[in-house]
Amino acid sequence: MDQKAPVLSLPTTPRTLGFFVDGKFVDTGNRHLFERLSPGHDAPVSRTVKCTVDDLDMAVAAARRAFEDGRWSRIPSVERADVLLRAAQIMRRRAEEIAYWETLENGKPITQARGEVEGCASMFEYAAGQARSLHGDSFNNLGDSLFGLVTREPIGVVGLITPWNFPFLILCERVPYILAAGCTMVAKPSEVTSVTTLLLAEVLADAGLPNGVYNVVTGSGSTIGQAMTEHRDIDMVSFTGSTSVGRSCVKAASGNFKKLGLELGGKNPQIVFADADLDDAADGVAFGIGFNTGQCCVSGSRLIVERSVAREFERLIAAKFAKVRVGDPLDPATQVGAITTLAQNKTIMGYIAKGKEEGARLVHGGEQLDFGRGYFISPTLFGDVTSKMTISRDEIFGPVLSVMPFDTGEEAITMANDTVYGLAASVWTKNIDKALNVTRRVRAGRFWVNTTLAGGPELPLGGFKQSGWGREAGAYGVEEYTQIKSVHIEIGKRNPWIS
Ligand code: NAD
C-alpha cells in the first residue's frame, strides 16, 4: 500500500546555539541573540549569537594559531583525507537532523534538503581525493645546473561568507576544498540561516578535525561580514552573495590585498529551439525556475524561445506550473516551499507588480498564496517580455520566468549575452551543431545542454562578467585555496659572480 509520509512537526522550543571557536561552542550567556522564525510557519525555531568584532578577532586568532603551528596545514594529506571521509560518514548519519534544520530556517522542502545533505557528504568524499592528489610541478629542462620545482601551499586563514538560499550546500561546496588544501578557516553564515553551519562544527569535531581549524562566527553582514573582508589577518575571503555586496567586498579587501573568491548573482538564460523535445524542455525549464522557489543563483529566469513555438511552449510551462505542489516545507509531498525572508517576499512581489506595470503579459501565477502562515508565491510566468523591462534585467531571486521570443540562432545568442551577469545558461535542442554553437558563444561559467541545475563535486562553479571571480569545487576549487611557489635548485657549484 502507498503510505503518505508524515508531515514533521515544529520544535517545541527554539534551539539555542553559541558560536564556535577553537573547538568549543562559546556559551551564549547574556549575549544578544538573533531569533529566527521559520519562514514556512512564522514560529520561532532558533536563536544564535549576534557576535561582535572582538568575537571575530578571537576566531581569526584561533585559526591563525592552528595554521601556523601546522596541526592541519603540514600533516600528511592522507590524514586530512581521513578526517574528510569520516565527516562524510557522520553527515550521512545525521542527515535527517541537518535537513530538518535547513528546512526550518530556509523554508525549502524537506525532501530537497535531504537530497542536498547527501550531495554535501559526496562533496567531502570527493575533496578527500583532492587532498591526496594535490601536487605541483617540476622542470627538468633547465640545463645541467638548475632544477625547478613549483610547489603548492595552502593560502592560509580563509574567511567564508555564505548566503541564505543554500546554507548547507554552499558551505559544503567550499569547506572540504578549503580543508583539503590545508587551510584553516572562519565561517560566517547568513544571520537568518546559521544553525547548519554550526552543526557542521560538531560533525567536523567528531571526525577528528583539530581544534581551531574550523571556526564559526554568527551575526550580521554589515558588522561581521564587513570586518571579515577588512581583516588584516585573513589571507583570503570566499564570498557568496549578491553582486552589490560583492562589490563592497572588493573595496574592503584592499587593506591587506587579500585574495577574494566571489560567487555572485545571475540572470540566466534558458534557450529553447523549436526542434527540442518541447514537453521535456518545459519540465526542465519549470524546474529551473521553480526549484528552491527560484532563490537560486543559477535559476534559469530568462526563457529565450524560438518564436514559432513560443505560444505553445508558454502553454506547456503554464500547465506544469499549475501542477507544482507549493506548501508546507515540512510536508514530504511539497515541491516548492516558502520564500526565505519577508524582505525577499516583498522584493519578488514588487518585481511582479513592476512586470505588469511595464506591460508584460501575465500568463500564470503572480499571486501571494495564503496558507494562514508563512510566505508563499505561486510560480509565475510572464509573456511578451522585452529586453528593456526590469524583470528581464534584474536578478529577481524568486519563481518568476520571463518569456522572450527569438527568430534566429544569432539573435538568441545576442539576447542571452545581453546582461551584466554570466553565471549559468541552458540550451534545449536536438541539433548538436546548435547546442555547441550556443555553448561556445554564450558567456557563462556553467552550461547545461538538454538539462538544467545538474551538477556534482567534480565540476567547478563560478561566473563570467559581474557574476564573480574564481571557481569553487572540482580540482580547480582546491587550487583556489593554494598559492604556488617556484623553487630554483642549483646542482653542483654556482658560477661565481665575483671571481
Ligand atoms: P547578500 O549579499 O545579502 O548576503 C550574503 C552574505 O554576505 C550573508 O552572510 C550576509 O550576512 C553577508 N554580508 C552582508 N553585507 C556584507 C558586507 N558589507 N560585507 C561582507 N559580508 C556581508 O546575499 P543574500 O541575500 O544572502 O543571497 C542572495 C544573493 O546571493 C543573490 O544575489 C544570489 O545570486 C547570490 N548567490 C550566488 C551564488 C553563486 O554561487 N554565484 C550562490 C548563492 C547565492
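Order of appearance sets the numbers: ligands from 1, and atoms from 1 within every ligand. We use all heavy atoms of the structure for the numbers below, so side chains are in, but hydrogens, waters and symmetry mates are not.
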K.L.:
Return the residue, atom name and 0.1 Å-rounded distance of the protein heavy atom closest to atom 28 (C) of ligand 1.
P.N.:
Phe397 CE2, 3.5 Å
K.L.:
What residue and heavy atom of the protein are closest to atom 42 (C) of ligand 1, and at what distance?
P.N.:
Cys297 SG, 3.0 Å
K.L.:
Will you find, in the side chains of Asn345 and Gln368, an N or O donor that is under 3.5 Å from an N or O acceptor?
P.N.:
yes
K.L.:
Looking at atom 13 (N) of ligand 1, what's its closest protein heavy atom, distance included?
P.N.:
Gly221 CA, 3.3 Å
K.L.:
Are the charged groups of Lys259 and Glu480 less than 4.0 angstrom apart, N to O?
P.N.:
yes
K.L.:
Is there a protein heavy atom less than 4.0 Å away from atom 24 (P) of ligand 1?
P.N.:
yes
K.L.:
Using 4.0 Å as the upper bound for N to carboxylate O, is an ion pair formed by Asp42 and Arg373?
P.N.:
no
K.L.:
With atoms numbered from 1 as shown, which atoms in ligand 1 lie under 4.0 angstrom from a non-hydrogen atom of Asn165?
P.N.:
43 (C), 44 (C)
K.L.:
Could you work out, for atom 27 (O) of ligand 1, the closest of Gly445, Ser190, Pro163, Gly219 by heavy-atom distance?
P.N.:
Pro163
K.L.:
Just need the protein heavy atom nearest to atom 7 (O) of ligand 1, so name the residue and atom and give the distance.
P.N.:
Phe239 CE1, 3.2 Å
K.L.:
For ligand 1, indicate whether the residue Glu395 contacts it via side chain, backbone, both or neither (heavy-atom separation under 4.0 Å).
P.N.:
side chain
K.L.:
Is any NZ, NE, NH1 or NH2 atom of the basic residue among Arg47 and Glu35 found under 4.0 Å from an Asp or Glu carboxylate oxygen of the other?
P.N.:
yes
K.L.:
When you compare ligand 1 with Ser242, is there at least one nitrogen or oxygen pair between them that comes in under 3.5 angstrom?
P.N.:
yes
K.L.:
Using a heavy-atom cut-off of under 4.0 Å, does the side chain or the backbone of Leu423 touch ligand 1, or both, or neither?
P.N.:
side chain
K.L.:
For Leu264, is the nearest heavy atom under 4.0 Å from an atom of ligand 1?
P.N.:
yes
K.L.:
Run the salt-bridge test on Lys354 and Asp394 with the 4.0 Å N-O cut-off and return the result as yes or no.
P.N.:
no
K.L.:
Name the one of Lys267, Lys388, Arg393 that satisfies salt bridge (charged side-chain N to carboxylate O under 4.0 Å, His left out) with Asp418?
P.N.:
Arg393
K.L.:
With sequence neighbours left out, write down each residue that passes side-chain hydrogen bond (donor to acceptor under 3.5 Å, both in side chains) with Glu97, or none if nothing qualifies.
P.N.:
Arg15, Arg94
K.L.:
Sequence neighbours left out, what pairs pass salt bridge (charged side-chain N to carboxylate O under 4.0 Å, His left out) with at least one residue falling in residues 180-200?
P.N.:
Lys188-Glu191
K.L.:
Using distance alone, with no hydrogens and no angle criterion, decide if Thr48 and Thr218 have a side-chain donor and acceptor under 3.5 Å apart.
P.N.:
no
K.L.:
Going by the atom numbers of ligand 1, which of them fall below 4.0 Å from some non-hydrogen atom of Thr162?
P.N.:
6 (C), 8 (C), 9 (O)
K.L.:
Could you tell me, atom by atom, which parts of ligand 1 come under 4.0 Å of a heavy atom of Gly225?
P.N.:
19 (N), 20 (C), 21 (N)
K.L.:
Assess, by modelled atom type and distance only, whether the side chains of Asn256 and His231 contain a donor and an acceptor separated by less than 3.5 Å.
P.N.:
no
K.L.:
So, Gln466 versus Thr243: side-chain donor-acceptor pair below 3.5 Å or not?
P.N.:
no
K.L.:
Do the side-chain N and O atoms of Gln295 and Thr340 include a donor-acceptor pair separated by under 3.5 angstrom?
P.N.:
yes
K.L.:
Do any N/O atoms on Gly241 end up under 3.5 angstrom from N/O atoms on ligand 1?
P.N.:
yes
K.L.:
Should Ser467 be counted as touching ligand 1, given the test is an N or O pair under 3.5 Å?
P.N.:
no
K.L.:
Quick one: does ligand 1 sit under 4.0 Å from the side chain of Thr240, the backbone, both or neither, non-hydrogen atoms only?
P.N.:
both
K.L.:
At a non-hydrogen distance cut-off of under 4.0 Å, which region of Val298 contacts ligand 1 (side chain, backbone, both, or neither)?
P.N.:
neither
K.L.:
So, Glu68 and Arg64, do they make that salt bridge, N to O below 4.0 Å?
P.N.:
yes
K.L.:
Taking non-hydrogen atoms only, is Phe166 closer than 4.0 angstrom to ligand 1 via side chain, backbone, both or neither?
P.N.:
neither
K.L.:
Relative to the heavy atoms of Ile170, which atoms of ligand 1 are at a distance of less than 4.0 Å?
P.N.:
42 (C), 43 (C)
K.L.:
Do any N/O atoms on Thr243 end up under 3.5 angstrom from N/O atoms on ligand 1?
P.N.:
no
K.L.:
For Gln226, is at least one N or O under 3.5 Å away from an N or O on ligand 1?
P.N.:
yes
K.L.:
Counting only heavy atoms closer than 4.0 Å, does ligand 1 sit against the backbone of Glu472, its side chain, both, or neither?
P.N.:
neither
K.L.:
Glu263 heavy atoms, cut-off 4.0 Å: which ligand 1 atoms fall inside?
P.N.:
37 (C), 38 (C), 39 (C), 40 (O), 41 (N)
K.L.:
Do the two ring centres, one from Trp164 and one from Phe397, sit under 6.0 Å apart?
P.N.:
yes
